[in-house]
Structures are given as structure tokens and as C-alpha cells.
Asker: 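If you scroll down you'll find the structure; I have some questions about it.
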Amino acid sequence: MGTLQAITGMNDVLPGDARAEGAPVERWRALEERFRAHCEAYGFREVRTPLCEYTELFHRGVGETTDIVEKEMYTFEDRGGRHLSLRPEGTASAVRAALEHSVLARNPVARWYYLGPMYRAEKPAKGRYREFYQVGVELYGDGSAAADAEVIDLAAGFLRALGITEFRVRLNSLGGAASRQRYREALVAHFAPVEAELSPESRARLARNPLRILDSKDPRDLPFKASAPRVLDHLTDEDKAHFDRVRAFLDALAVPYEVDHAMVRGLDYYTRTVFELQDASGSLGAQDSLGGGGRYDNLFRELGSAADVPAVGFGLGVERLLMASPAPAPSRPYRAAVVAASKDDVAVQSAALALAKELRSAGVETHVDTRFGSLKSQMGRANEQLGAAAVLILGGNEIASGVVTLRDMTREKDDPDKQRTVARAEAVAAVLAHRRTTLGGPTP
Ligand code: HAM
């Protein structure tokens, strides 16, 4: 029987010492903690929603004519015949949760953030996976241009906090319902005469959702896309004023951006402001979109809300952020090991386990090689595999005299202070003191 492998396009994240490729779990955790702290500084709070939802949520939320819904969802029937899908993104689920729990009835403005896996059956490539992680924020109940600018500033500031300096913020406006209707008519007038020359996909989209044609990468569509009318020329005065205010606020917040009138985003729920953060270092190759988002003032109503709720947010791809950000210098954590100088004396081994437990309670990462091999092999593991700074040795003699042998692994072999005996009752304090001197400075 062959060994089993992970599903194509779905990745394991391993601790640094076990890792062959990809970022180690330590870097993932550091990114997640930084994201949490960054969002909370802007007043956002974490939400967690299920990985799986009724398929209808994404049909109504993300849009029937999007690539995601047309060909990328992991959809299946559960045992009760219900149609479920693994979430391809987080925005629709978060709106569902806000409505389900009447969140805005208690407080008319909610600022939420989330992190977790998303699922899209795309063709795997560098930076494009079938299970990938996003960090994202959603801001509900505030239709102001200042809210858009704050959300974009939060995203750009997070990239900088990760040490990503080479990126572009691309900005566009898709307008509200009235602008969209005007623009739709202009697009149909532009594409209809050349319908026969478009790709079959774009032909199908011409009637259902002509905006999606602008998202096509099919070479047959490109020349007609390039000459298509520009959405910014079809905005109502109100939508235009909103866009101008977003730009003014971004200037005030010193967030550099470029207006890209051809950017439409791949999801149907956007209204007014849309933006993408694009890697500009070249290190990501073709998948250079670090994240994107925008305003979606109609989604609440489309998902059943009686009232309109303005909303804006973004999602960033964690794998891509990890590829684009510099790896921090490896830090060497302080570790201790307790070694039992007996292969078969359960009393000695018990004393070693108890001492390790005491050290852990005092906050010291402590290892015991519970296979209890020879003293030499236990010492070798503590030194070579763990890089322990202190090793505590317990044998029958030590136990009888109420002491432990403390070996300072940071000292040279011939240093007379390398090894000393300390009273068992003083052992934890001695290790804490050693940690302070080794790390230099107070420890938490
Ligand atoms: P999105 O543009 O579909 O937006 O995805 C956001 C980011 O997720 C992308 O820019 C990319 O970094 C990452 N991403 C997407 N697909 C993959 C993949 N197959 N493999 C690796 N990374 C991927 C959204 O999902 C919206 N929900 C964002 C949003 C929130 N808009 C408003 N609020």
C-alpha cells in the first residue's frame, strides 16, 4: 500500500525544524498575531464563522456569474441531501453572521476581522492553492469615504508592518446602482457589435453580466477590453464625489495609490470603491495580488436584510504575504532539558519528569527524552537536536543527597564553571537565573 498524500493544492504547515518547503508555522503564527494586534488598534474585533455554509449563500453573495461560483467551489451534498460548499471567501459568511445575530441592532457600526482557510478549486500554481488562508476585515454600517480610506490604510499599514515595502495600491470605483446601470448599457453597446469575435465565456456574460468581460484573460477578448468604455466616465455625481473624497482621505493618511480604471475585481458584490494591493517586487510571479477588497453596499439586502447596510472590507492572501515579506532572523529560544542518569530506575525517571514539570510551570520550555536511553544519548539529544542552554542531570546519588547537577551548555567544555551542583529545592530558581543571564535582561 502506498503512502497517502495531501490533496493537490492543499498544503501542510510544519514547525521550522521539520520543514522542507514553505514558511514554517512560527512565521504563520507571528503574522497572525501581528494581524490581530494591527486590527485591534483600529478597533476591529475577531469573528469566526464555519468553514462550510449552504451553497446558496455564495450563489447569492459572491454572484452566479463569477469564476468562483461558476467553476471553483467545493460543493457537495451532505447526508441529508443539503447543498453545502466550503467557503471560497469570508465576506458572504460574515454578512450572514451579522444578520443572523442582529449585530447591527445593538450597535449600528461593527468592525470585524477574521483569519482562516478558504477553498477554491483553481489550477494550483506558485501562490495559487486550493486551500489558502486569508486575513480580512469587514466594516458594517458606515458608508463614508473615510471608512473606505481607513480600511485601505489598515491593509497598506499591515503590509508595511510585515516588512513588505514594494507594493502598489490600485484604486477604482464601480459606482452604485445608477452608475452601474449606465455603465452596463455602455458596455453592451461596446461589446454587442463584436459579440461573434468574443470568447464563448464573454459571449455568455454579455447578456448576464457584461462587467465580468473586463475580468477575462482570454486573448480573443483583450483587444475589445482595451478599447472598452471606462467606468469612471459613467459615475453619477454622487459616486464621483465619494471617489474624490476617498482619494483625498488617502492623501491625508499618506497612503500612495494609483487609479486603475480597468480594475473590476472578481466578485459581484462590489459597489463604489474597489482596490487591490499588488506586489511590485516581482517575487510572486503571476500571482502578484496580495489582496483586494472594496465597498459592497448592496450585499446585506441581497442576503435578506430589510434595510440597506453600507459595508467595506478586504481580504489578503497569507501564503502570498509570507512569500513577499522578509523572513525574520532566526531567534534561539531558551530551552532546558532534564536527563535521568538511569535507563531503568523508575524512581529516578519519575524525579526527572517531576522536575521538568516544575520548570514548565515556571515558564521554562523543558524537554525530557522519555525514551530514557543512555546518559550519552540523552545528553546528545539535548545538545544537538534541542540546543538546550541548561541540562539538569538527576541520578540515584543526586536524589539521595537532595541535589541536581546543572550543566551550563553555553560554556566551553573546559570551563570550570560548566557544571555545578545545586540543591533540588533551588533548581528552578537556578535555571531562571541562568535564563536571565543567557538572554541578557529581564525575562517575562
Ligand atoms: P479576493 O480578491 O478573491 O477577495 O481574494 C483576496 C486575496 O486572497 C487575493 O488577493 C489573494 O492574495 C488571495 N487568494 C485568492 N485566491 C487564492 C488562491 N487560490 N490561492 C492563494 N491565495 C488566494 C476576496 O476574497 C474578498 N472576500 C475580499 C473582500 C473582503 N472584499 C470585501 N471584503
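Heavy-atom basis, side chains included; hydrogens, waters and symmetry copies ignored. Order of listing sets the numbers, starting from 1, for every ligand and every atom in it. Since the structure is predicted, the reported quantities are computational estimates derived from the model, not experimental observations.
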Asker: Any chance the side chains of Y74 and E131 put a donor and an acceptor closer than 3.5 Å?
Answerer: no
Asker: If we only consider heavy atoms of G136, is any one of them less than 4.0 Å away from an atom in ligand 1?
Answerer: no
Asker: List every atom of ligand 1 that sits less than 4.0 Å from any heavy atom of E89, numbering the atoms from 1 in the order shown and giving each element.
Answerer: 25 (O), 26 (C), 27 (N)
Asker: When you measure from the heavy atoms of Q287 to every atom of ligand 1, does any distance fall below 4.0 Å?
Answerer: no
Asker: I need the atoms of ligand 1 closer than 4.0 Å to a non-hydrogen atom of G127, numbered in the order shown.
Answerer: 20 (N), 21 (C), 22 (N)
Asker: Got the closest protein heavy atom to atom 19 (N) of ligand 1, with its distance?
Answerer: E122 OE2, 2.7 Å
Asker: Could you verify whether a donor N or O on one side chain and an acceptor N or O on the other, from T91 and E138, lie under 3.5 Å apart?
Answerer: yes
Asker: For E319, is the nearest heavy atom under 4.0 Å from an atom of ligand 1?
Answerer: no
Asker: With a 6.0 Å cut-off on ring centres, are H83 and F76 close enough?
Answerer: no
Asker: For residues F191 and L198, determine if any side-chain heavy atom of one lies less than 4.5 Å from a side-chain heavy atom of the other.
Answerer: yes
Asker: With a 4.5 Å heavy-atom cut-off, do F314 and V151 have their side chains touching?
Answerer: yes
Asker: What residue among K240, H242, R247 forms side chain to side chain donor-acceptor pair (under 3.5 Å) with D244?
Answerer: K240
Asker: Which class fits the ring pair Y269 and Y296: parallel under 30°, tilted 30 to 60°, perpendicular over 60°?
Answerer: tilted
Asker: Classify the contact between Y119 and ligand 1 as side chain, backbone, both or neither, using a heavy-atom distance cut-off of under 4.0 Å.
Answerer: neither
Asker: Using a 4.0 Å cut-off to any heavy atom of G313, which atoms of ligand 1 qualify?
Answerer: 30 (C), 31 (N), 32 (C), 33 (N)
Asker: Go through H367 and E365 one step at a time and tell me if the side-chain hydrogen bond (donor to acceptor under 3.5 Å, both in side chains) criterion holds.
Answerer: CA-CA 7 Å; H367 296 251; E365 179 184 327; 2.7 Å; yes
Asker: Are any of the N or O atoms of G291 closer than 3.5 Å to those of ligand 1?
Answerer: yes
Asker: Please state which option from R130, E72, Q134, R295 has its nearest heavy atom closest to atom 24 (C) of ligand 1.
Answerer: Q134
Asker: May I ask whether Y269 has any heavy atom positioned less than 4.0 angstrom from an atom of ligand 1?
Answerer: yes
Asker: Please write down residue, atom name and distance for the protein heavy atom closest to atom 12 (O) of ligand 1.
Answerer: S289 O, 2.8 Å
Asker: For ligand 1, which atoms sit closer than 4.0 Å to a heavy atom of E138?
Answerer: 30 (C), 32 (C), 33 (N)
Asker: Quick one: nearest non-hydrogen protein atom to atom 13 (C) of ligand 1, plus distance?
Answerer: G317 CA, 3.6 Å
Asker: When you look for heavy atoms under 4.0 Å from ligand 1, do you find them on the side chain of F314, its backbone, both, or neither?
Answerer: backbone
Asker: Show your reasoning for whether side-chain hydrogen bond (donor to acceptor under 3.5 Å, both in side chains) applies to D268 and N209.
Answerer: CA-CA 9 Å; D268 273 352; N209 189 350; 3.1 Å; yes
Asker: Provide, to 0.1 Å, the distance between atom 20 (N) of ligand 1 and the closest protein heavy atom, together with that atom's residue and name.
Answerer: Y129 N, 2.9 Å
Asker: Return the orientation label for the Y183 and H234 ring planes: parallel under 30°, perpendicular over 60°, tilted otherwise.
Answerer: tilted
Asker: Does CZ belonging to R411 count more than 12 external heavy atoms closer than 6.0 Å?
Answerer: yes
Asker: Heavy-atom distance to atom 4 (O) of ligand 1: which of R120, Q278, R265 wins?
Answerer: R265
Asker: Can you tell me which residue and heavy atom of the protein come closest to atom 31 (N) of ligand 1, and the distance to 0.1 Å?
Answerer: Y270 OH, 2.6 Å
Asker: Is G266 close enough to touch ligand 1? Criterion: a residue heavy atom under 4.0 Å from a ligand atom.
Answerer: no
Asker: Indicate, with yes or no, if the rings of F44 and Y113 have centres closer together than 6.0 Å.
Answerer: no
Asker: With a cut-off of 4.0 Å, which atoms of ligand 1 are near a heavy atom of G293?
Answerer: 31 (N)
Asker: Any atoms of ligand 1 less than 4.0 Å from a non-hydrogen atom of T91? List them with their elements.
Answerer: 26 (C), 27 (N), 29 (C), 30 (C), 31 (N), 32 (C), 33 (N)
Asker: Is there a ring pair (Phe, Tyr, Trp, His ring centres under 6.0 Å) between Y257 and F275 once you walk through the steps?
Answerer: CA-CA 9 Å; Y257 64 87; F275 60 94; over 10 Å; no
Asker: Identify, for atom 14 (N) of ligand 1, the protein heavy atom at the shortest distance, and state residue, atom and that distance.
Answerer: F132 CE1, 3.4 Å
Asker: Do you see a donor-acceptor pair shorter than 3.5 Å between the side chains of Q378 and D369?
Answerer: no
Asker: Atoms of ligand 1 less than 4.0 Å from L290 heavy atoms?
Answerer: 10 (O), 12 (O)
